[in-house]
Amino acid sequence: MWLRFHIAETFAFLGIYDTASKLQVVQTAELILDHELFAQMNLSEFLMFLKYFKRGDFGKIYQSARPNPQEFLSCLRPFWNDLVEYRIKLSKAEQEKRQAEMEKKGRENAMTHEEWIEIKTITAMYNSDYTVP
């Protein structure tokens, strides 16, 4: 399973893989898969979580030389909160961009007041059977 591999790789990066039991790696993967936040993440977002984790953005996950899977799992929440904020900002930026494009198209297709008066005058002349001398 790819998730176990990434957890084991993270533990190895942190230098605690040798002290982690296979059971810890397997159950950590299972608990992540069961976590409601993980179900809402895509693979690249989860890999970003691991990257931040390796950088130490969430602190240490081990006491002495043994990993603490609970600490690992508890770091999903702050990451998820940051991810939701990022998604909201991204969505707002995309919405603002679409709105600006719509307004630009609207301005390109719009007519000036002078053009409107000219069209109205021509239409009125046409509808009243106006003849030019």
Side-chain angles (χ1 to χ4, degrees):
M1 167 194 272
W2 65 269
L3 186 57
R4 285 186 212 156
F5 168 78
H6 286 292
I7 292 169
E9 180 186 52
T10 301
F11 286 179
F13 176 82
L14 297 171
I16 55 175
Y17 179 75
D18 293 336
T19 62
S21 70
K22 184 176 180 181
L23 181 65
Q24 284 179 309
V25 173
V26 169
Q27 287 191 351
T28 299
E30 290 172 356
L31 289 168
I32 288 173
L33 288 172
D34 289 342
H35 204 286
E36 76 276 2
L37 301 180
F38 179 78
Q40 299 175 45
M41 282 187 221
N42 61 41
L43 176 59
S44 63
E45 291 168 339
F46 183 73
L47 294 178
M48 186 175 19
F49 164 72
L50 293 178
K51 176 183 168 184
Y52 291 173
F53 197 84
K54 289 176 183 177
R55 282 194 329 206
D57 291 1
F58 304 111
K60 293 183 177 183
I61 64 158
Y62 51 91
Q63 302 292 335
S64 66
R66 298 201 53 87
N68 184 343
Q70 288 177 328
E71 287 293 326
F72 187 83
L73 294 167
S74 69
C75 293
L76 279 172
R77 176 65 61 188
F79 176 78
W80 175 253
N81 293 339
D82 292 345
L83 185 60
V84 167
E85 280 185 39
Y86 173 75
R87 286 178 176 178
I88 290 170
K89 286 179 185 177
L90 187 62
S91 176
K92 284 182 181 179
E94 288 173 359
Q95 186 177 9
E96 288 171 1
K97 182 179 177 182
R98 282 193 304 274
Q99 181 69 28
E101 288 173 0
M102 287 175 51
E103 288 174 4
K104 182 180 177 184
K105 285 181 182 179
R107 285 190 300 273
E108 289 172 355
N109 295 329
M111 66 174 80
T112 64
H113 182 67
E114 290 78 19
E115 292 171 326
W116 179 79
I117 290 175
E118 183 179 342
I119 290 172
K120 183 177 174 188
T121 303
I122 292 170
T123 304
M125 289 182 346
Y126 176 77
N127 288 336
S128 66
D129 295 327
Y130 177 77
T131 57
V132 178

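This chain uses plain numbering: 1 for the first residue, then up along the sequence.
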Exercise for review: Run the numbers on Phe46 and Ile32 for side chain to side chain contact (heavy atoms under 4.5 Å, CB included), then give the verdict.
Suggested key: CA-CA 10 Å; Phe46 183 73; Ile32 288 173; 3.9 Å; yes
Exercise for review: Assess whether side chain to side chain contact (heavy atoms under 4.5 Å, CB included) is satisfied between Phe53 and Phe79, documenting all intermediate values.
Suggested key: CA-CA 9 Å; Phe53 197 84; Phe79 176 78; over 6 Å; no
If two hydrophobic side chains count as joined below 4.5 Å and joins carry through other members, does [X] share a cluster with [Y]?
X: Phe13; Y: Leu50; value: yes
X: Phe72; Y: Val26; value: no
X: Phe5; Y: Leu47; value: no

Review point. Should the heavy atoms of other residues, nucleotides or ligands under 6.0 Å from CD of Gln70 be counted, would the total exceed 12?
Key: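 Incorrect, the count does not exceed 12.
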Exercise for review: Mark yes when over 12 heavy atoms from residues, nucleotides or ligands other than Gln95 sit less than 6.0 Å from its CD; otherwise mark no.
Suggested key: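 No.
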Any side-chain heavy-atom pair of [X] and [Y] under 4.5 Å:
X: Tyr52; Y: Asp82; result: no
X: Met41; Y: Trp80; result: yes
X: Ile119; Y: Met111; result: yes

Review point. Under the side-chain hydrogen bond (donor to acceptor under 3.5 Å, both in side chains) test, which residues partner Arg87, sequence neighbours left out?
Key: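 Listed in chain order: Glu45.
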Point to revise | Partners passing side-chain hydrogen bond (donor to acceptor under 3.5 Å, both in side chains) against Gln99 (at least two apart in sequence or in another chain) | key: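 side-chain hydrogen bond (donor to acceptor under 3.5 Å, both in side chains) check on Gln99 returns Glu103.
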Practice item. For Gln27, check side-chain contact (heavy atoms from CB on, under 4.5 Å) against everything at least two apart and list the hits. Key: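 Gln27: side-chain contact (heavy atoms from CB on, under 4.5 Å) contacts with Leu23, Glu30.
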What heavy-atom pair brings [X] and [Y] nearest, and what distance separates the two atoms?
X: Glu115; Y: Ala110; answer: OE1-O, 4.4 Å
X: Ala20; Y: Val25; answer: CB-CG2, 4.5 Å
X: Pro78; Y: Cys75; answer: CD-O, 3.3 Å

Practice item. Look up atom CG in Asn42 and atom CE in Met48, then write down how far apart they are to the nearest 0.5 Å. Key: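 If we round to the nearest 0.5 Å, Asn42:CG and Met48:CE are 8.0 Å apart.
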Check your understanding: Backbone N or O of Ile88 within a donor-acceptor pair of the Ser91 side chain at under 3.5 Å?
Key ->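 No; zero donor-acceptor contacts below 3.5 Å.
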Review point. In terms of the angle between their ring planes, are His6 and Trp2 parallel, tilted or perpendicular, with boundaries placed at 30° and 60°?
Key: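 Rings of His6 and Trp2: perpendicular, over 60°.
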**Study point:** Glu9: which of Lys51, Lys54, Arg4 passes salt bridge (Lys or Arg N to Asp or Glu O under 4.0 Å)
**Key:**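 Per the salt bridge (Lys or Arg N to Asp or Glu O under 4.0 Å) rule, the option paired with Glu9 is Lys54, out of Lys51, Lys54, Arg4.
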